[in-house]
Amino acid sequence: TDTIARFQRMRGKMVFYPIGWDDNGLATERRVQNVTGVRCDPSLPFDPEFVAPYNGDVPKEHRAIPISRPNFVSLCHDVIHDDEEVFEQLVRRLGISIDWSLLYTTIGERSQRTSQLAFLHNLARGEAYQQDAPTLYDIDERTAVAQAEMEDREVPGAYHKIAFHRSDASGDLLIDTTRPELLASCVAMVAHPDDPRYQPLFGTTVRTPLFEVEVPVLAHHLADPEKGTGIAMICTFGDTTDVTWWRELNLPSRALIGFDGRMATETPPWITTPGGQTAYEHVAGLAPKQAQRKIVELLTESGEMLGEPRAITHPVKFYERGTRPLEIVATRQWYIRNGGRDDDLRNALLERGKELIWHPPYMFNRYQNWVGGLNGDWLISRQRFFGVPIPLWYRLDSDGNPLHDEILTPDESKLPIDPSTSCPDGFTEDGRGKPGGFIGDPDVMDTWATSSLTPHIAGGWVDDPELFARVFPMDMRPQAHDIIRTWLFGSIVRSHHEHGCLPWRHAAISGWILDPDRKKMSKSKGNVVTPINLLEEFGTDAVRYWAASGRPGVDTAFDAGQMKIGRKLGTKLLNASKFVLGFGAPPTGAVPTAPIDRAMLARLADVVDESTRALDEFDYARALERTEAFFWWFCDDYVELVKGRAYGTQGDDAAHSARAALRQALDTVLRLFAPFLPFVSDEVWSWWHDASVHAAAWPARSELATTGDISLLAPVSDVIAAVRRAKTEAKLSQRAAVSELVVNAPTVALRAIEQCRTDLAEAGGIETFTLSEAPTLETFVRLAPSTDPAASH
RNA sequence: GGGCGCAUAGCUCAGUUGGUUAGAGCACCGCCCUUACAAGGCGGGUGUCGGGGGUUCGAGUCCCUCUGCGCCCACCA
């Protein structure tokens, strides 16, 4: 991103380059819990005297000191403040040319205002709505999570074959289940409508084992005849298919797992037989795993489980940061429409994705895949503490119960607000929680609900309309491929709703940095490499060189070898510059006249074109590679060839041509390298310019002699290489003299060599240089009679 | 199960719309203290371009197919 920003700045653009720390949300809460040993209990009162007991290294047994929400939030602010200073130091050291005056944080005041305002707009237009529905819920964090935050993990499980009793006593109905602990939540049985094995049973009922509840046998096309016994028990709720069946078959809700992740302690009313009630007492209050063991034990005793559990591994949904499987709990949550339940919106958002210019283009497939696969709207409410509050209150009825349909919204001018400490218009604090009064929404918004507005936050949507008009929609969103479904998609959703357009024209999608074995870095694997040591060992330019050599979108393995090359390149730039500048400035008006000088500059002009084109297409890696290849050729062949002439061996005019060409080339090359190696290029630039190279204009073909004949260069390089090879093979120094060089070559090559004959002769130490025509280029090198080895020193 | 990407020298990777004999760096070996650079320079070889088939005058490049690896997604009975 920085390379692109520096390039565009050199082209004369005003680059709007903000940065933000995404510090709100669960990641911060967890870090605070781990570092300070506290946990938030919103029922506690604020304690102004509270001091965190630890600062890092909290003993495990002390990790749950309960503190009030205001105390907790204050601790979060302290911790992120320290972390963000470290981040800033690192980013500055990387030479990222961010405009630090544009720094924002997602928990900051402007972000909160932006996030709440956008939400209220969504609410007013009907794009935000609340719903009481089964929701995927993390029982450890005690919060709902969105589809984008879930992942499947392969975990061990087991099929349990369980017998349900037919009401007509004609025998048992067998099912396979991995979750026998949900047996008490069973509301129906389901098989495929075309399955002849179960067709006779549709419309009848069976009795659940242990709990003795009568449940109907139903047909639904989602039931898979191939899975298990072909008939499944529907529980509220074991998985998302259960939710579908529950909704589409109009089944009752018999949820038993609560927000604490445990089975309800009281025996539910639908279990009516004494035997069933006794069975439930065994599992009341247990966590799912304990309950499963108990149920298996009971079923085994009663003979209703057939055989042993059969171990399998199967995919189970987890919160991406969680450790236990998600449960499905019925809760009231806020959603923003994202096309997951509305084909028109889904198609409109797919169209937005097509409008966006993706770099690399195939990354669009991930977007399409994600949008096409959405199975619900975007759940944005979180039962957490350190986040942007949902800016709403609800009226309370005469019994003090919230009326969720009677929403009280704040005036936009008062944003941001915290509904737990401020009150709605027309009310006073006295009315909080009282019958006929009001209550604030206790939840905060998902961090992506705020991050999806980063163009608005950075661009001053809420407080600087003039700036916003100039920068929105933006040119480019830089980000990695793993957050296309969250950051990128969320941003498009919000911009589509708010403005009816894309938030930016281009998406520059980067890959990941992998560990040296090409594995994703992760804390749990312990293979994380933090950049600070690399910066110390190799220098910033070298680390940037490595980073820029990874092509857009491609994952790049951490590679110290690549950084060594980057460091070598920087050193070479210093040395070559020292040499070129050592000749002093050529006289005013001196221009490159020698054919080889002009040819070199013509090649450089091509490199300028190619690099410019590549950077215009966000292909920084190609731009760097072409510049680098030119530069090494320039040092190895061109400089060696013209060195003598530049010193003046062929007279002043010839020297001035070489010196002017060397300077022009260096001047251009430094600017081509500036976006990649900002430190070394600026250092060298400062040796002969007043302003920074980063304020210089990006080079253009028109600055360089473009009439040079590039075809001169290859034959000349071939001859140089042949002479060097001969000396090396003879184990002689490159200074050794060549008594005779014969070059046979086709006319075109011959003419090229002829034009730099003197330079070649000087560079190679050639005494007699004979050219003659031949179909292909051949060289014969006769070395001078060997001298006494001792004397060669 | 669906989608996407990758597969080129021992390693990391270029190879832009098909076009001479497939390249670079690293690593390895040898030589050279050379006046910009010894934290350097010069030189050296190694390829069934994953397998098979096709289109074409011509394929690393385009098409089909298979294999392997990786990532993203998906409905947990």
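Reminder, nothing fancy here: chain letters follow the sequence lines and each chain counts from 1.
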Base C76(B) to side chain Lys317(A), donor-acceptor N/O within 3.5 Å cut-off: no
Establish whether the base of U16(B) is bridged to the side chain of Arg613(A) by a donor-acceptor pair shorter than 3.5 Å. no
Pairing donors with acceptors under 3.5 angstrom, does anything connect the side chains of [X] and [Y]?
| X | Y | result |
| --- | --- | --- |
| Asp637(A) | Ser717(A) | yes |
| Gln664(A) | Asp597(A) | no |
| Thr649(A) | Glu762(A) | yes |
| His481(A) | Asp555(A) | yes |

Using the [atom1] atoms only, state how far [M] lies from [N], rounded to an integer number of Å.
| N | M | atom1 | value |
| --- | --- | --- | --- |
| C6(B) | C13(B) | C1' | 12 Å |
| C32(B) | U17(B) | C1' | 45 Å |
| G23(B) | U65(B) | C1' | 30 Å |
| C63(B) | A27(B) | P | 38 Å |
| G70(B) | C33(B) | C1' | 48 Å |
| C71(B) | A39(B) | C1' | 39 Å |
| C49(B) | G41(B) | P | 33 Å |
| C31(B) | A22(B) | P | 31 Å |

Nearest to the side chain of [X] - [options]?
| X | options | result |
| --- | --- | --- |
| Arg725(A) | C26(B), A77(B), G43(B) | G43(B) |
| Trp512(A) | G43(B), C71(B), U16(B) | C71(B) |
| Ile312(A) | C75(B), C71(B), A77(B) | A77(B) |
| Lys572(A) | G40(B), C76(B), C75(B) | G40(B) |
| Trp370(A) | C26(B), C76(B), C73(B) | C73(B) |

Touch class at under 4.0 angstrom, heavy-atom based, for [X] against every strand present:
| X | result |
| --- | --- |
| Leu624(A) | nothing |
| Asn365(A) | sugar-phosphate |
| Lys727(A) | nothing |
| Arg626(A) | base |
| Glu151(A) | nothing |
| Val639(A) | base |
| Gln734(A) | base |
| Asp636(A) | sugar-phosphate |
| Gln368(A) | nothing |
| Cys235(A) | nothing |

Side-chain donor-acceptor distances from residues 564-573 of chain A under 3.5 Å, at least two apart:
{"unit_1": "Arg567(A)", "atom_1": "NH1", "unit_2": "Phe538(A)", "atom_2": "O", "d": "2.8"}
{"unit_1": "Thr571(A)", "atom_1": "OG1", "unit_2": "Arg567(A)", "atom_2": "O", "d": "3.0"}

Would you kindly compare Arg724(A) and Arg551(A) by the position of their nearest RNA chain B nucleotide and give the one closer to the 5′ end? Arg551(A)
Asp637(A) or Lys578(A): which one's nearest nucleotide on RNA chain B is closer to the 5' end? Lys578(A)
Could you give me the CA-CA distance, side-chain angles and deciding distance for His160(A) and Gln292(A), then say whether side-chain contact (heavy atoms from CB on, under 4.5 Å) is met? CA-CA 10 Å; His160(A) 302 73; Gln292(A) 183 178 102; 4.2 Å; yes
Can you tell me if CD on Glu151(A) sees more than 12 non-hydrogen neighbours from other groups inside 6.0 Å? yes
Inspect the surroundings of CZ in Arg153(A) and state if more than 12 heavy atoms from other residues, nucleotides or ligands are less than 6.0 Å away. yes
Lys/Arg cation over aromatic Trp633(A): Arg603(A), 6.0 Å, 45° cone: yes
Rounded to whole angstroms, how far apart are [atom1] on [X] and [atom2] on [N]?
| X | N | atom1 | atom2 | value |
| --- | --- | --- | --- | --- |
| Ile720(A) | G43(B) | CD1 | P | 10 Å |
| Leu374(A) | A74(B) | CG | P | 9 Å |
| His220(A) | A77(B) | NE2 | P | 17 Å |

Give a yes or no on whether the ring-centroid distance for Phe489(A) and Trp378(A) is below 6.0 angstrom. no
Pairing stems for RNA chain B [at least three consecutive pairs; Watson-Crick or G-U; under 3.5 angstrom]: B:1-7 with B:67-73, B:10-13 with B:23-26, B:28-32 with B:40-44, B:50-54 with B:62-66
For RNA chain B, determine which residues of residues 222-230 of chain A have any heavy atom closer than 4.0 angstrom to one of its atoms, and list them numerically. Leu222(A), Ala223(A), Asp224(A), Lys227(A)
Single hit among Asp152(A), Asp138(A), Asp239(A) for salt bridge (charged side-chain N to carboxylate O under 4.0 Å, His left out) with Lys317(A): Asp152(A)
Whether Arg346(A) side chain and Val371(A) backbone form a donor-acceptor pair below 3.5 Å: yes
